[in-house]
Enquirer: 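Structure below; questions to follow.
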Amino acid sequence: MIHVEVRHPRLARRNEHPADVRDRLLGRVIHRVGRRGKFLLVDVEGDLTWVIHLGMSGRIELAYPGQLEKPHTHVVVGTDRGQEMRMVDPRTFGFMAVYTPEELARSTIADLGPDALHDLPPTSVWAQRLAGRKVAIKTLLLDQRLVAGLGNIYADEVLHRAGIRPHRRAGSLTREEVNRLRTAVRLVLRAGLRWGGTSLGDLAYLLPDGRAGGYLDRLRAYGREGLPCRRDGAPIERTVIGGRSSFWCPQCQQ
DNA sequence: ACCTCCCTGGCC
DNA sequence: GGCCAGGGAGGT
């Protein structure tokens, strides 16, 4: 059984009535915790789905009541087991929502694509969905409706691994390139997980035990403007695509 | 298929 | 002071 205290109403903004987050979860039992892409999906007693997204700067901590709270602790979830879950989010781009089945079906969660790690579509499906599209492939990789889970860092890493320029029109990719892209998604995400994810300089993201993830030192493109490409030594370039910084190698990415 | 906005904090 | 930042939605 849980009880929720939402201290910053902005984090409950996705519910029509922000108080629903507290009221609908009060005294309920959690049945199952799942994930699709970057969305945490929790099945709650009473046919409710509790959706949690960390946005850019959100993190979840476990603590015991009374332990010193970090700044920007905006939601506290108490349990009958003593431990509490705290959502800390300086920029408040994260959110929590509690949906009925009807609300869930109307929400953007319903449009989420297959999870990039566990339900990666076959190359033929990728090819179909890319065909005729004029949008930059980088933009499409970030569109969670195609495949759910890639963010700005991993999109750049995937494109570097696949040897494809981020500005390429999605529809211009050959079957061979689509296949390389799909393979790269698996490789890059698994490597990222194996190394504990990408903790950047600000250490906003850390592993649950407080250590920094080690993938930053293994990045091949993201954040490496002017540094030598780890495949061929050419200096990595930075451009803006769809409003997001994009890093790529002008030599090994076509 | 683009832009802008939502926020706070860190860095130059 | 201005610029930048792991994301996503909404409007043109």
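A quick note: this is a predicted structure, and the numbers were derived from the prediction, not measured. Letters go in sequence order (proteins before strands), and every chain restarts at 1.
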Enquirer: Taking side chain to side chain donor-acceptor pair (under 3.5 Å) as the test, write out the residues that go with A:Arg81, two or more places apart.
Expert: none
Enquirer: Identify, residue by residue, the members of residues 127-144 of chain A with a heavy atom below 4.0 Å from DNA chain C, and return them in order of residue number, or none.
Expert: A:Gln144
Enquirer: What residues, two or more places apart in sequence or in another chain, satisfy side chain to side chain donor-acceptor pair (under 3.5 Å) together with A:Asn15?
Expert: none
Enquirer: For A:Arg238, which contact category applies under a 4.0 Å heavy-atom criterion: base, sugar-phosphate, or nothing?
Expert: sugar-phosphate
Enquirer: Write out all pairs satisfying ring-ring contact (aromatic ring centres under 6.0 Å, His included) with one or both partners inside residues 30-56 of chain A, taking only residues at least two apart or from two chains.
Expert: A:Phe39-A:His53, A:His53-A:Phe95
Enquirer: Any N/O pairs under 3.5 Å between the protein and nucleotides 5-7 of chain B? List them or say none.
Expert:
from: B:dC6; atom 1: O3'; to: A:Arg10; atom 2: NH1; distance (Å): 3.4
from: B:dC7; atom 1: O2; to: A:Arg91; atom 2: NE; distance (Å): 2.9
from: B:dC7; atom 1: N3; to: A:Arg91; atom 2: NH2; distance (Å): 3.4

Enquirer: Using the C1' atom in both, what is the distance from B:dA1 to C:dG6, to the nearest Å?
Expert: 23 Å
Enquirer: For A:Gly151, answer base if it contacts any base atom (sugar-phosphate contacts may also be present), sugar-phosphate if it contacts only those atoms, and nothing otherwise; contact means non-hydrogen atoms under 4.0 Å.
Expert: sugar-phosphate
Enquirer: Name every residue in residues 195-204 of chain A that has at least one heavy atom under 4.0 Å from any atom of DNA chain C, in order of residue number, or write none if there are no such residues.
Expert: A:Leu200, A:Asp202, A:Ala204
Enquirer: What does A:Tyr222 touch in the nucleic acid at a heavy-atom separation under 4.0 angstrom: a base, only the sugar-phosphate, or nothing?
Expert: sugar-phosphate
Enquirer: Going 5' to 3' along DNA chain C, between which two nucleotides do contacts with chain A fall, using a heavy-atom cut-off of 4.0 Å?
Expert: C:dA5 to C:dA9
Enquirer: Sequence neighbours left out, what pairs pass ring-ring contact (aromatic ring centres under 6.0 Å, His included) with at least one residue falling in residues 102-148 of chain A?
Expert: none
Enquirer: Whether A:Arg180 and A:Glu176 form a salt bridge (side-chain N of Lys/Arg under 4.0 Å from carboxylate O of Asp/Glu) is what I want to check.
Expert: yes
Enquirer: State which residues pass ring pair (Phe, Tyr, Trp, His ring centres under 6.0 Å) with A:Tyr99; sequence neighbours excluded, sorted by chain then number.
Expert: none
Enquirer: Hey, are A:Asp89 and A:Arg59 close enough for a salt bridge, meaning a charged N less than 4.0 Å from a carboxylate O?
Expert: no
Enquirer: Kindly give the cluster partners of A:Val29, where membership spreads through any ILVMFWY side chain lying under 4.5 Å from a current member.
Expert: A:Met1
Enquirer: Going by salt bridge (Lys or Arg N to Asp or Glu O under 4.0 Å), name the pairs with one or both residues in residues 99-110 of chain A, residues two or more places apart or in two chains.
Expert: A:Arg24-A:Glu103
Enquirer: Do A:Ile52 and A:Ile60 touch side chain to side chain, with heavy atoms closer than 4.5 Å?
Expert: yes
Enquirer: Would you indicate what A:Arg14 reaches in the nucleic acid, counting non-hydrogen atoms under 4.0 angstrom: base, sugar-phosphate, or nothing?
Expert: sugar-phosphate
Enquirer: Please classify the nucleic acid contact of A:Tyr215 as base, sugar-phosphate, or nothing, using heavy-atom distances under 4.0 Å.
Expert: nothing
Enquirer: Kindly indicate whether the side chain of A:Val147, heavy atoms from C-beta on, has any atom under 4.5 Å from the side chain of A:Leu141.
Expert: no
Enquirer: Mind pulling the stems DNA chain B is in, i.e. runs of at least three Watson-Crick or G-U pairs, everything under 3.5 Å?
Expert: B:1-6 with C:7-12, B:8-12 with C:1-5
